[in-house]
Enquirer: 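I have a structure here, written as structure tokens, and I will follow up with some questions on it.
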Amino acid sequence: MRLRRAAACAAVLLAACLPATVTAEPVALDPLRSSAEFEVRAMWMFDIGGRFGAVSGEVEVDHAARSLRVRARIDVRGVSMRRTSYEEWVKSSEFFDAAAHPSIEFESEPFPMATLDLGGDIVGRLTLRGVTRPMNLRLRPSQCPGAAALTCPVVADGIVLRSDFGMRTRRATLADKVRLHLSVLAVAAKSG
């Protein structure tokens, strides 16, 4: 009897020490077919917008939990706008501070796979200019429902307040609210 109990205890301890089965599969974001844009209201009359550089990162697919988690990096140094003077300004320390903080990062909490089909909120954290704040992105419903949703462009929108990230200049002429628009496409991560 003692031998059976000892064997049972050993089996429980051994099981506790073994790694759990990994169900998560990484899927890369395609930097060539993904994009991120921004727009801010100026002089309370017109919008100034631009496009960031490459969007990279990955989607962690957890098949067992039927959930996804996104980690994305957006290149600030590659911002393009209609005027070179605007590009230099938004890359400066007054706005995105690209020299000190060359990328913006977003990491989501796990969210249901069904969100890809139906749309909905993705809750996460945005790091901009070295400051991390909670952020929600609003995912639009997929144009490719079902299993194809992960390989179809995923479109999301969000709002960032400049003041939350230390951008407090030109408040009389530039709105605090910056609108973000993302279109990302995932590709299967290369093995090996």
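FYI, the numbering just counts along the sequence from 1.
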Enquirer: Under a 3.5 Å cutoff, is there a donor and acceptor pairing between the side chains of S183 and S35?
Expert: no

Enquirer: With a 4.0 Å cut-off, would you call D157 and R138 a salt bridge?
Expert: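 No, D157 and R138 are not salt-bridged.
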
Enquirer: Is there a donor-acceptor pair under 3.5 Å between the side chain of R133 and the backbone N or O of D164?
Expert: yes

Enquirer: How many angstroms lie between CG in L139 and CG in L116, if you round to the nearest 0.5 Å?
Expert: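 Here the rounded value is 6.0 Å.
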
Enquirer: Starting at CG of D97, measure out to NZ of K91 and round the result to the nearest 0.5 Å.
Expert: 13.0 Å

Enquirer: Indicate the atoms forming the closest heavy-atom contact of A72 with L29, along with that distance.
Expert: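 Scanning both residues, the minimum pair turns out to be CB-CD1, 4.0 Å.
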
Enquirer: Please list all pairs passing the salt bridge (charged side-chain N to carboxylate O under 4.0 Å, His left out) test where one or both residues lie in residues 63-75, with sequence neighbours left out.
Expert: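 Residue pairs with at least one partner in residues 63-75: E58-R71, E60-R71, R69-E107, R71-E107, D75-R77.
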
Enquirer: Nearest 0.5 Å, what's the OG1-CG distance between T115 and D121?
Expert: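 Reported to 0.5 Å precision, the distance equals 9.0 Å.
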
Enquirer: Could you note down all residue pairs passing ring-ring contact (aromatic ring centres under 6.0 Å, His included) where residues 98-128 supplies at least one of them, sequence neighbours left out?
Expert: none

Enquirer: Distance from D176 atom CG to S163 atom OG, nearest 0.5 Å?
Expert: 3.5 Å

Enquirer: Closer than 3.5 angstrom, by distance alone: can the side chain of S34 be matched with the main-chain N or O of P31 as a donor-acceptor pair?
Expert: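 No, because the side chain of S34 does not come within donor-acceptor range (under 3.5 Å) of the backbone of P31.
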
Enquirer: Run V27 and V187 through side-chain contact (heavy atoms from CB on, under 4.5 Å) and show every step you take.
Expert: CA-CA 6 Å; V27 179; V187 291; 5.8 Å; no

Enquirer: Quick check against the 3.5 Å criterion: does R168 have a side-chain atom that pairs as donor or acceptor with the backbone of R162?
Expert: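 No, R168 side chain to R162 backbone: no donor-acceptor pair under 3.5 Å.
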
Enquirer: Ignoring hydrogens, what is the shortest heavy-atom contact between S108 and I122? Give both atom names and the distance.
Expert: CB-CG2, 3.5 Å

Enquirer: Does any N or O in the side chain of S92 come within less than 3.5 Å of the main-chain N or O of E94, such that one atom is a donor and the other an acceptor?
Expert: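 Indeed, once roles are kept as given, a pair shorter than 3.5 Å links the two residues.
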
Enquirer: Check the orientation of F52 and F38. Use parallel for under 30°, tilted for 30 to 60°, and perpendicular for over 60°.
Expert: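 If you compare the ring of F52 with that of F38, the planes turn out tilted.
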
Enquirer: Which heavy atom in V90 sits nearest to a heavy atom in F95, and how many Å separate them?
Expert: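 In this case the closest contact between V90 and F95 is O-CB, 3.3 Å.
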
Enquirer: Looking at CG of L128 and CD of E105, how far apart are the two atoms once the value is rounded to the nearest 0.5 Å?
Expert: 10.5 Å

Enquirer: Go through it in stages, so that I can follow the logic: the residues are M113 and V61, the test is side-chain contact (heavy atoms from CB on, under 4.5 Å), and I'd like the CA-CA distance, side-chain angles, deciding distance and then a yes or no.
Expert: CA-CA 8 Å; M113 285 183 185; V61 182; 3.4 Å; yes

Enquirer: Let me confirm one number: the CG-CG distance from D62 to L68, rounded to the nearest 0.5 Å.
Expert: 9.0 Å

Enquirer: So I74 and L182, side-chain contact (heavy atoms from CB on, under 4.5 Å) or not? Walk me through it.
Expert: CA-CA 10 Å; I74 301 170; L182 297 104; 3.9 Å; yes

Enquirer: With no hydrogens and no angle check, is any side-chain donor or acceptor of R125 less than 3.5 Å from a backbone partner on E109?
Expert: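 No, because the side chain of R125 does not come within donor-acceptor range (under 3.5 Å) of the backbone of E109.
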
Enquirer: Checking F165 against L126 for the side-chain contact (heavy atoms from CB on, under 4.5 Å) test, could you report, in this order, the C-alpha distance in whole Å, the side-chain angles of both residues, the deciding distance, and whether it holds?
Expert: CA-CA 10 Å; F165 296 92; L126 184 77; 4.0 Å; yes

Enquirer: Specify the closest pair of heavy atoms between K177 and L161, including all atoms of both residues, with the distance to one decimal.
Expert: CA-CD2, 4.0 Å

Enquirer: Grab the two heavy atoms, one from L137 and one from A156, that are nearest each other, plus how far apart they are.
Expert: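 Looking at all heavy atoms of both residues, the shortest contact is CB-CB, 4.3 Å.
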
Enquirer: Any ion pair linking D47 and R179 (charged N to carboxylate O, less than 4.0 Å)?
Expert: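 Between D47 and R179 there is a salt bridge, with a charged N closer than 4.0 Å to a carboxylate O.
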
